[in-house]
Engineer: 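What follows is a single structure, and I will ask about it in a moment.
Chain letters run A, B, ... following the sequence lines, proteins first, then strands; residues in each count from 1. Just the heavy atoms: all of them, side chains too, but no hydrogens, waters or symmetry mates, feed the values below.
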Amino acid sequence: MDDRTHTADAEPGERITVAGWVHEVRDLGGIAFLIVRDRTGKIQVKFATDEMDESLVETGTNVSRESVVSVTGTVEEEPRAPTGVEIVPESVEVLAPADPELPLDPTGKVDADLSTRLDNRTLDLRSGESKAIFEIRSTVLKAVRDYFRSVGCTEINTPKIVATGTEGGTELFPLTYFGQEAFMNQSPQLFKQLMVGSGLERVFEVGPIFRAEEHNTPRHLNEATMIDFESAFIDHHEAMDVCEGTLRAAYEAVEANCHEQLETLDLTDAVTVPQQEFPRLTYEEAIERINATGELDEQLVWGDDLSTEAEKALGDDVGGHYFITDWPSEIKPFYIQDYDDDPDLSKGFDLMHPRMELVSGGQREHRYDELVAGFEQQGLDPEAFEYYTKMFRYGMPPHAGWAYGVERLVMTMLGLPNIREAVLFPRDRQRLSP
RNA sequence: GCCCGGGUGGUGUAGUGGCCCAUCAUACGACCCUGUCACGGUCGUGACGCGGGUUCAAAUCCCGCCUCGGGCGCCA
């Protein structure tokens, strides 16, 4: 396939070979058109049915939609062709015929339900919209990685099969590891913290996490991709700076490099880099503001976690990304540090999009005695986490960090109605295949 | 985990007790058509998730199961 030309690169006067999928055949009688699609676009192949070789016309016009074909011919300038050029074929080869009855319509003339699309993801991703989402996701991941490198991070990978959970609270997928009890990891949290105490100091990871919660919503997955960041010698304010920088980098990269995809998704004006610096509301300010909206039946009191309804009320009120800082220690995990002068208040924060929570992070507890006390307060056995706590006895620097859900980032950026749109092969309460 | 709403040709849908051996679009098959670009035209094939019940009569009502989607909790 060395001599293959992409459809978008076809220049008049050239003799080329294009290879791709049969998008459509339009047979008008004496003239017929075969539209070939590849990842760069589409091109029209013209058959003058009375004048051309009979078997060539037969092959080119009787091929089923979505079959894979290779067409060799001359590119001619033709104002009447959709792209201004068309191929006058010398030969057409069917590399892989498709069954005539397709489980969904990649041209998009007839809609398909999300579950039908997910059952036939390969075909679904031949359509412009679905493909565009994953091209944008790829751009986001590249931008995020580049940004982390620009602020001196080392990319790491931590184990996904673990002996204990991170927080003990959430549901884990159990498995058997050579006869031992083990779990799929729900977060790189503990491992990335161990790395800030290593010579690496400042790390990030992009990888999967697994949560066995039986939720059934458009914003949860049982296998998700997390962007984790953790750095030594920074506090939660600096961690928020990096967090905001990462998100801006992602939006900027998409705005700069994904014109075509945004156009396909009809989002050219909808996706823009956030202008304002993200407001940093304290938890206390947040609940006051929520109560002031009057959207909730019952007023929130200090110590309440924010319900979905409360988050929505606040999101509508703020109208853009924002941080919530200084959460009550009670509702944040043990590894988040409390304020020394107010132990009821933690240095945890969340980054919110008006639609949902995107990031959770905070200043970590790096002092051994306080950390162990925190375990006990949350009813966890410090012994079970000895591999983790032990390292805090050998010089663990002050540090902070956070974690994003990639799918939520893409979902909120593109206004996708369902998080499954942002994963190739989602794992949810009922879907395990493909 | 609790709660709510759906499942009708390949795909997406209409139909809420008899007007339904089921509507429309698209796809598929056949034929006609020399500039389509959602090509057009004629004809044709093709479906009520599964099991039980109520009724003279069930796609339609009831029960169970399967399955899909959503709300809440919790979270990324």
Engineer: Name the stems that RNA chain B belongs to, where each is three or more consecutive Watson-Crick or G-U pairs with both distances under 3.5 Å?
Structural biologist: B:1-7 with B:66-72, B:10-12 with B:24-26, B:28-32 with B:40-44, B:49-53 with B:61-65

Engineer: Which pairs pass ring pair (Phe, Tyr, Trp, His ring centres under 6.0 Å) with one or both residues in residues 288-320 of chain A, sequence neighbours excluded?
Structural biologist: A:Tyr283-A:Trp302

Engineer: Can you sort out the partners of A:Thr59 under side chain to side chain contact (heavy atoms under 4.5 Å, CB included), two or more places apart, ordered by chain and number?
Structural biologist: A:Val92, A:Val94

Engineer: Output all residues satisfying side chain to side chain contact (heavy atoms under 4.5 Å, CB included) with A:Lys109, sequence neighbours left out; order by chain, then residue number.
Structural biologist: A:Glu24, A:Asp105, A:Thr107

Engineer: Any salt bridge linking A:Lys142 with A:Asp146? Criterion: basic side-chain nitrogen under 4.0 Å from a carboxylate oxygen.
Structural biologist: yes

Engineer: Say we look at B:rU67 and B:rC24: how far apart would their C1' atoms be, to the nearest angstrom?
Structural biologist: 26 Å

Engineer: Base, sugar-phosphate or nothing for A:Thr217? Non-hydrogen atoms, less than 4.0 Å.
Structural biologist: base

Engineer: B:rC75, OP1 or OP2 - any side-chain N/O from A:Asn222 closer than 4.0 Å?
Structural biologist: no

Engineer: In whole angstrom, give me the gap between the C1' atoms of B:rC48 and B:rA30.
Structural biologist: 28 Å

Engineer: Anything under 3.5 Å between a donor and an acceptor, one on a side chain of residues 234-255 of chain A, the other on a protein residue two or more places apart or in another chain? List them.
Structural biologist:
| unit_1 | atom_1 | unit_2 | atom_2 | d |
| --- | --- | --- | --- | --- |
| A:Asp235 | OD1 | A:His237 | N | 3.0 |
| A:Asp235 | OD1 | A:Glu238 | N | 2.9 |
| A:His236 | NE2 | A:Tyr339 | OH | 3.1 |
| A:Glu238 | OE1 | A:Asp235 | N | 3.0 |
| A:Asp241 | OD1 | A:Arg280 | NH1 | 3.4 |
| A:Asp241 | OD1 | A:Arg280 | NH2 | 2.7 |
| A:Glu244 | OE2 | A:Arg248 | NE | 3.4 |
| A:Glu244 | OE2 | A:Arg248 | NH2 | 3.1 |
| A:Glu244 | OE2 | A:Phe278 | N | 3.0 |
| A:Thr246 | OG1 | A:Val242 | O | 2.6 |
| A:Arg248 | NH1 | A:Pro274 | O | 2.3 |
| A:Arg248 | NH2 | A:Gln276 | O | 2.5 |

Engineer: What residues form a salt bridge (Lys or Arg N to Asp or Glu O under 4.0 Å) with A:Arg137, not counting sequence neighbours?
Structural biologist: A:Glu407

Engineer: Show me the pairs that pass ring pair (Phe, Tyr, Trp, His ring centres under 6.0 Å) and involve residues 13-36 of chain A, at least two apart or across chains.
Structural biologist: none

Engineer: What residues, two or more places apart in sequence or in another chain, satisfy salt bridge (Lys or Arg N to Asp or Glu O under 4.0 Å) together with A:Arg355?
Structural biologist: none

Engineer: For the pair A:Thr40 (side chain) and A:Ala8 (backbone), establish whether a donor and an acceptor sit closer than 3.5 Å, ignoring hydrogens and angles.
Structural biologist: yes

Engineer: Over all strands shown, is A:Arg65 touching base, sugar-phosphate only, or nothing at heavy-atom distances under 4.0 angstrom?
Structural biologist: sugar-phosphate

Engineer: Over all strands shown, is A:Val406 touching base, sugar-phosphate only, or nothing at heavy-atom distances under 4.0 angstrom?
Structural biologist: nothing

Engineer: Reckon A:Leu221 touches a base, only the sugar-phosphate, or nothing at all at heavy-atom distances under 4.0 Å?
Structural biologist: base

Engineer: Is the base of B:rC74 touched by the side chain of A:His220 through a donor-acceptor pair closer than 3.5 angstrom?
Structural biologist: yes

Engineer: Go through the structure and list residues passing salt bridge (Lys or Arg N to Asp or Glu O under 4.0 Å) with A:Glu135, not counting sequence neighbours.
Structural biologist: A:Lys131

Engineer: Can you tabulate the close N/O pairs, meaning under 3.5 Å, that link protein atoms to atoms of nucleotides 9-11 of chain B?
Structural biologist:
| unit_1 | atom_1 | unit_2 | atom_2 | d |
| --- | --- | --- | --- | --- |
| B:rG10 | O4' | A:Glu101 | OE1 | 3.4 |
| B:rG10 | O2' | A:Leu102 | O | 3.0 |
| B:rU11 | O2' | A:Asp111 | O | 2.9 |

Engineer: Starting at the 5' end of nucleotides 30-38 of chain B, put B wherever the base has a protein heavy atom under 4.0 Å, S where only the sugar-phosphate does, and a dash everywhere else.
Structural biologist: ---BBBBBB

Engineer: Heavy atoms only, 4.0 Å cut-off, all strands: where does A:Glu311 land among base, sugar-phosphate and nothing?
Structural biologist: base

Engineer: Taking only heavy atoms on the protein side, list every residue of residues 420-434 of chain A lying under 4.0 Å from any atom of RNA chain B, sorted numerically.
Structural biologist: A:Arg420, A:Gln430

Engineer: Say we look at B:rG9 and B:rU26: how far apart would their C1' atoms be, to the nearest angstrom?
Structural biologist: 12 Å

